[in-house]
Number of protein chains: 2
Amino acid sequence: MEDGDVLFRQDQPTSGLCRVVTGCVTLQRSSLNGDKLTLHRAVADGLFAEASIISERYHCDAVCNVPGRVLKISKTDVISTMRTTPVFSEGFTRLLAVQVQRYRAHIEMLAIGSAKERVIAAVQAGYFDATVTELATRINLTHESCYRAFRDLCEDGRMIRTGRGQP
Amino acid sequence: MEDGDVLFRQDQPTSGLCRVVTGCVTLQRSSLNGDKLTLHRAVADGLFAEASIISERYHCDAVCNVPGRVLKISKTDVISTMRTTPVFSEGFTRLLAVQVQRYRAHIEMLAIGSAKERVIAAVQAGYFDATVTELATRINLTHESCYRAFRDLCEDGRMIRTGRGQP
DNA sequence: GGCTTCATATGATCCAAATCATAAAGCTTT
DNA sequence: AAAGCTTTATGATTTGGATCATATGAAGCC
């Protein structure tokens with residue numbers, strides 16, 4: 001899996017769920033006006049496309065972010081394993097529940113009105129793992145506003161930034 | 001269960017998941033500055049507090065919206081039933097997966113910049129089931145902006161509103 | 001009936017974030 | 001090393017949504 005590789009695309013029929021062994025995959029949806037929205041990012045040992053087992057079509061694109069390896073598990077395998085192995089069921093359920101909580105937290109973050117507060121919340125939640133532009137997009141801000149928020153927060157002494165190159 | 005009844009509160013230890021038989025329950029979180037955020041609304045036959053089986057404490061409040069009956073299922077019961085009854089496991093998983101999709105759709109909606117477009121998307125998604133104020137809060141708008149969006153959309157001929165009293 | 005409360009609705013004003021513009025630093029690539 | 005790209009960064013301007021103010025109609029209550 002190389003950088004930019006598309007593992008599946010929105011509206012394609014679902015084949016099953018995926019496990020990231022190494023590397024990183026982002027799930028994104030393109031809206032009608034063309035701009036992309038990152039919904040989830042799966043890193044090593046993370047699962048994605050969990051919803052694929054219940055829906056017939058993927059509802060977002062999966063694009064490779066960091067080169068690595070991905071394991072595909074077919075839909076039928078998942079369902080049969082769930083029937084035979086309760087531990088797997090439990091683990092899978094737990095995983096989905098964690099996702100639900102994560103999304104809830106994200107929605108809560110998006111409800112924060114002020115850009116500064118939203119940026120702080122995002123950084124505290126560990127969202128700042130790539131570029132500022134990417135962080136900004138994830139929390140519905142322009143990169144300009146995000147840079148300014150960083151600057152102001154540093155000026156206020158609420159944040160200290162070191163080594164810009166690697167965040 | 002009467003209107004305004006609190007079924008559980010944020011940070012209380014979890015007891016299990018709940019099923020709405022009749023009535024309606026909203027899950028909401030209060031932020032630090034005191035204003036509430038609706039995360040989910042469960043109507044008849046809906047489950048809520050699914051995440052309770054994996055976390056030790058509730059991470060939001062459950063408040064009765066419309067009087068009715070709610071069934072509580074203990075955490076241990078859920079886990080043991082999952083072990084013995086694969087069909088239950090499957091159904092539960094499906095439910096969580098649906099939730100994940102719902103949240104993803106919601107996040108996507110919140111990414112819509114223009115108030116007018118966001119309101120349209122919300123209405124199309126079936127969010128307008130109560131008051132305008134409530135709809136506005138759910139999509140991170142003030143009720144004023146929401147009313148204006150409705151008015152403008154009607155003026156543009158993109159929407160027709162009838163019978164204001166009951167939406 | 002009169003009172004309160006809430007949802008609806010709109011006008012006026014303000015402000016923060018978007019937009020537009022520009023530039024330097026860093027990094028690939030040729 | 002020069003060219004081309006992205007990321008970081010900030011200034012100037014605009015604008016759309018928030019805020020504040022106000023009014024009306026409907027529901028509930030004593």
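Every chain is numbered from 1 and lettered A, B, ... according to where its sequence line falls, protein lines coming before strand lines.
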* To do: Give the nucleotide from the list dA9(C), dA18(D), dA9(D) with an atom nearest to the side chain of Arg161(B).
  => dA9(C)

* Asked: Rounded to whole angstrom units, what separation is found between the CG atom of Asn140(B) and the P atom of dG17(D)?
  -> 13 Å

* Measure from the side-chain heavy atoms of Thr131(B) and tell me the nearest of dC20(D), dT8(C), dT7(D). => dT8(C)

* To do: Determine whether Phe48(A) and Leu7(A) make a side-chain contact, defined as any pair of heavy atoms from C-beta on separated by less than 4.5 Å.
  => yes

* Asked: Out of Lys75(B), Glu56(B), Arg57(B), which residue meets the side chain to side chain donor-acceptor pair (under 3.5 Å) rule with Thr14(B)?
  -> Lys75(B)

* Asked: Rounding to a whole Å, what distance do you find between Lys116(B):NZ and dT15(D):P?
  -> 15 Å

* Rounded distance in Å - CD (Glu134(A)) to C1' (dT7(D)) -> 12 Å

* Aromatic plane relationship, Tyr147(A) with His143(A) - under 30° parallel, 30 to 60° tilted, over 60° perpendicular -> perpendicular

* Asked: Which nucleotide in the set dA17(C), dG11(D), dT8(C) lies at the smallest distance from any side-chain heavy atom of Val132(B)?
  -> dT8(C)

* With His106(B) via ring-ring contact (aromatic ring centres under 6.0 Å, His included) - residues at least two apart -> Tyr127(B)

* Select base, sugar-phosphate, or nothing to describe what Asp152(A) touches, counting heavy atoms under 4.0 Å on all strands. => nothing

* Compare the minimum distances between each of dG11(D), dA18(C), dG17(D) and the side chain of Arg148(A), then state the nucleotide with the smallest one. => dG11(D)

* **Distance in angstrom units between Glu144(B) CD and dG16(D) P, rounded** => 18 Å

* Which residue lies toward the 5' end of DNA chain D, Cys146(B) or His143(B), if each is placed at its nearest nucleotide? -> Cys146(B)

* What is the distance, rounded to the nearest whole Å, between atom CZ of Phe150(A) and atom P of dT10(D)? -> 12 Å

* To do: To the nearest Å, give me how far apart CG (Leu135(B)) and P (dA7(C)) are.
  => 13 Å

* **Check: Arg138(A) side chain, Thr38(A) main-chain N or O, donor-acceptor pair, under 3.5 Å** => no

* Structure fact -> Ile112(B) atom CD1 is separated from dA18(C) atom P, nearest whole Å, by 15 Å

* Between Thr142(A) and Arg151(B), which has a closest nucleotide on DNA chain C that is more 5'? -> Arg151(B)

* **Base dG17(D) to side chain Arg118(B), donor-acceptor N/O within 3.5 Å cut-off** => no

* **Rounded distance in Å - CD1 (Ile139(A)) to P (dA17(C))** => 11 Å

* Asked: Quick one: which of dA7(C), dT10(D), dA21(D) gets closest to the side chain of Tyr147(B)?
  -> dA7(C)

* Does OP1 or OP2 of dT7(D) have a side-chain N or O of Thr133(A) closer than 4.0 Å? -> no

